[in-house]
Amino acid sequence: MNNDPVMTNDKPSTKKMPTSVPTLAAALEENKDVKVRVEGAASDLASASAVLEAKIAGGDAEPATRVALKVGKEVEDRVQGCADDLHSVNATLAQGVAALEHTEDALAVAREALVDTQSALATAEASERNALLAARHDSATGLPNREYFNSRLSHDIAVAARQGFGLAVMFFDLDKFKNINDTHGHAAGDEVLKQVAARLLEHSRMEDTVCRTGGDEFLYVLINPKGRANIERIASALLEALALPVVFEGLQIAVRASIGISLYPEHGKSASKLISNADEAMYAAKKSDAGPGWAFYDGAPIPLPA
């Protein structure tokens with residue numbers, strides 16, 4: 001009976017690592033394979049030792065020694081091959097860890113760049129909103145400007161035409177506003193404009209639009225005012241609010257306004273026509289010293305002041 005130890009069929013010790021850098025997962029799998037091969041070599045060496053002890057005990061020492069040396073040399077070669085492979089695996093793992101660290105660093109840089117990009121985008125969007133707001137609003141009072149008012153009024157006319165309700169356009173002019181600037185200075189005049197704007201907004205509804213058309217003139221569109229009597233009531237309330245003194249640096253500045261009113265669809269079906277007719281009615285209101293301070297457009301031409 002042949003009692004020589006039988007060598008297991010392990011992978012050759014000349015196994016080379018791939019020239020390309022494998023993934024960490026592949027390197028870890030290779031590490032497991034090396035471990036299995038080392039354990040196999042240790043098992044074979046233990047088996048050879050057991051056979052050698054048995055042969056020595058049976059008086060067959062010299063052949064047993066030769067077999068032991070042969071087995072030991074084979075096991076040594078296999079272990080050395082495993083050691084070489086393990087060194088390559090460790091080098092691969094080290095490269096993989098370094099690559100992961102590099103990837104993490106790159107990811108951190110990318111995250112910072114993303115934060116910077118998002119911040120720049122938010123700044124650009126805010127600048128765009130501010131630019132749009134500035135393009136549509138009067139810088140002195142914060143009210144919509146004439147261009148924006150014209151757009152809104154055209155939209156309101158289209159909606160009123162579809163739904164069958166009326167509109168009223170009020171044209172405001174501050175009487176003798178130039179005297180305020182000349183007497184108290186432009187800072188006082190600016191304060192008057194701001195407070196007039198605030199009072200008009202305070203007495204307007206969400207669906208209405210108020211704008212400063214330029215200088216000391218303001219426009220106000222009433223959506224579905226429900227008859228002349230209600231328009232007259234609103235105009236009187238606005239004039240009463242505007243007549244309250246404007247307080248500026250200890251001064252009480254008196255303000256008086258005149259209002260011209262045109263109606264859709266009676267006095268026009270376009271924004272420009274309604275504004276023009278309201279402007280003409282405003283001059284009629286100015287000429288009537290004993291009047292209520294407002295006037296409806298009546299179609300009669302009003303001579304412009306010299």
Side-chain angles (χ1 to χ4, degrees), residues 129-150 152-153 167-223 225 229-262 275 278-296 302 304-306:
R129 285 193 300 270
N130 291 337
L132 184 60
L133 187 68
R136 292 181 171 182
H137 289 75
D138 170 54
S139 60
T141 62
L143 290 178
N145 58 21
R146 175 66 175 270
E147 181 180 358
Y148 186 37
F149 182 87
N150 288 347
R152 285 293 302 269
L153 180 54
L167 303 172
V169 174
M170 296 183 174
F171 198 117
F172 291 76
D173 182 83
L174 303 183
D175 299 339
K176 300 179 181 179
F177 178 74
K178 184 175 182 300
N179 291 345
I180 296 175
N181 280 329
D182 293 343
T183 304
H184 304 295
H186 288 282
D190 290 344
E191 182 63 23
V192 168
L193 293 175
K194 290 177 183 178
Q195 291 201 30
V196 166
R199 293 174 189 181
L200 290 176
L201 283 177
E202 184 180 353
H203 287 78
S204 67
R205 302 169 301 174
M206 288 293 295
E207 62 268 31
D208 300 334
T209 303
V210 180
C211 93
R212 181 189 176 203
T213 186
D216 60 349
E217 296 176 337
F218 297 82
L219 282 165
Y220 186 142
V221 58
L222 283 166
I223 306 296
N230 193 46
I231 297 171
E232 292 172 2
R233 182 189 62 78
I234 293 172
S236 297
L238 288 170
L239 288 176
E240 185 177 342
L242 296 180
L244 295 174
V246 171
V247 178
F248 176 74
E249 294 184 351
L251 299 173
Q252 289 196 346
I253 303 173
V255 179
R256 186 178 185 278
S258 298
I259 306 176
I261 306 167
S262 64
I275 292 171
D279 186 14
E280 189 171 323
M282 180 269 296
Y283 281 106
K286 274 185 178 293
K287 291 177 67 71
S288 178
D289 294 332
W294 49 261
F296 285 94
I302 305 294
L304 296 179

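Positions are given from 1, in the same order as the sequence printed here. Everything quoted here is computed from the prediction, not taken from an experiment.
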| task | Please examine the side chains of Leu201 and Leu143, heavy atoms only from C-beta on, and report whether any two atoms are closer than 4.5 Å. | result | yes
| task | Heavy atoms only: give me the nearest Pro144-Cys211 pair and the separation to one decimal. | result | O-CB, 3.0 Å
| message | Ignoring hydrogens, what is the shortest heavy-atom contact between Thr141 and Ala197? Give both atom names and the distance. | response | CB-CB, 3.7 Å
| said: Between Leu238 and Trp294, is there a side-chain heavy-atom distance shorter than 4.5 Å? | reply: no
| Heavy-atom side-chain contact between Met170 and Ile231 under 4.5 Å | yes
| Sub-4.5 Å side-chain heavy-atom contact between Tyr220 and Ser204 | yes
Please list every donor-acceptor pair under 3.5 Å in which a side-chain atom of residues 179-191 meets a protein atom from a residue at least two apart or in another chain.
from   : atom 1 : to     : atom 2 : distance (Å)
Asp182 : OD2    : Lys178 : NZ     : 2.8
Thr183 : OG1    : Asn179 : O      : 2.7
Glu191 : OE2    : Gln195 : NE2    : 3.0

| query | Is there a donor-acceptor pair closer than 3.5 Å between any side-chain N or O of Arg212 and the backbone N or O of Asp138? | reply | no
| query | Is Leu174 close to Leu193 at the side-chain level, that is, under 4.5 Å between some pair of heavy atoms? | reply | yes
| said: What's the separation between atom CG in Asp216 and atom NZ in Lys176, rounded to the nearest 0.5 Å? | reply: 13.5 Å
| task | Could you please spell out the steps behind the side-chain contact (heavy atoms from CB on, under 4.5 Å) verdict for Ile234 and His203? | result | CA-CA 9 Å; Ile234 293 172; His203 287 78; over 6 Å; no
| task | Please name all residues satisfying ring pair (Phe, Tyr, Trp, His ring centres under 6.0 Å) with Phe248, sequence neighbours left out, ordered by chain then number. | result | none
| message | I'd like to know if the side chain of Arg199 and the backbone of Leu244 have a donor-acceptor N/O pair within less than 3.5 Å. | response | yes
| message | I need the full list of side chain to side chain donor-acceptor pair (under 3.5 Å) pairs touching residues 247-260, with sequence neighbours left out, sorted by first then second residue. | response | Asp175-Arg256, Asp175-Ser258
| message | For Phe171 versus Ile275, what's the shortest heavy-atom pair and its separation? | response | CD1-O, 3.9 Å
| request: Could you check Val169, Asp279, Leu167 and say which one makes a side-chain contact (heavy atoms from CB on, under 4.5 Å) with Ser262? | output: Val169
| request: Please check if atom CD in Glu207 has more than 12 non-hydrogen atoms from other residues, nucleotides or ligands closer than 6.0 Å. | output: yes
| field | Approximate separation, where rounding is to 0.5 Å, of Thr209 OG1 and Leu219 CG | value | 10.5 Å
| field | Straight-line distance of Asp208 CG to Ile223 CD1, nearest 0.5 Å | value | 6.0 Å
| query | Should Arg152 and Val221 count as side-chain neighbours, where that means a heavy-atom distance under 4.5 Å? | reply | no
| said: Minimum heavy-atom separation for Ile261 and Ala235, please, with both atom names. | reply: CD1-CB, 4.3 Å
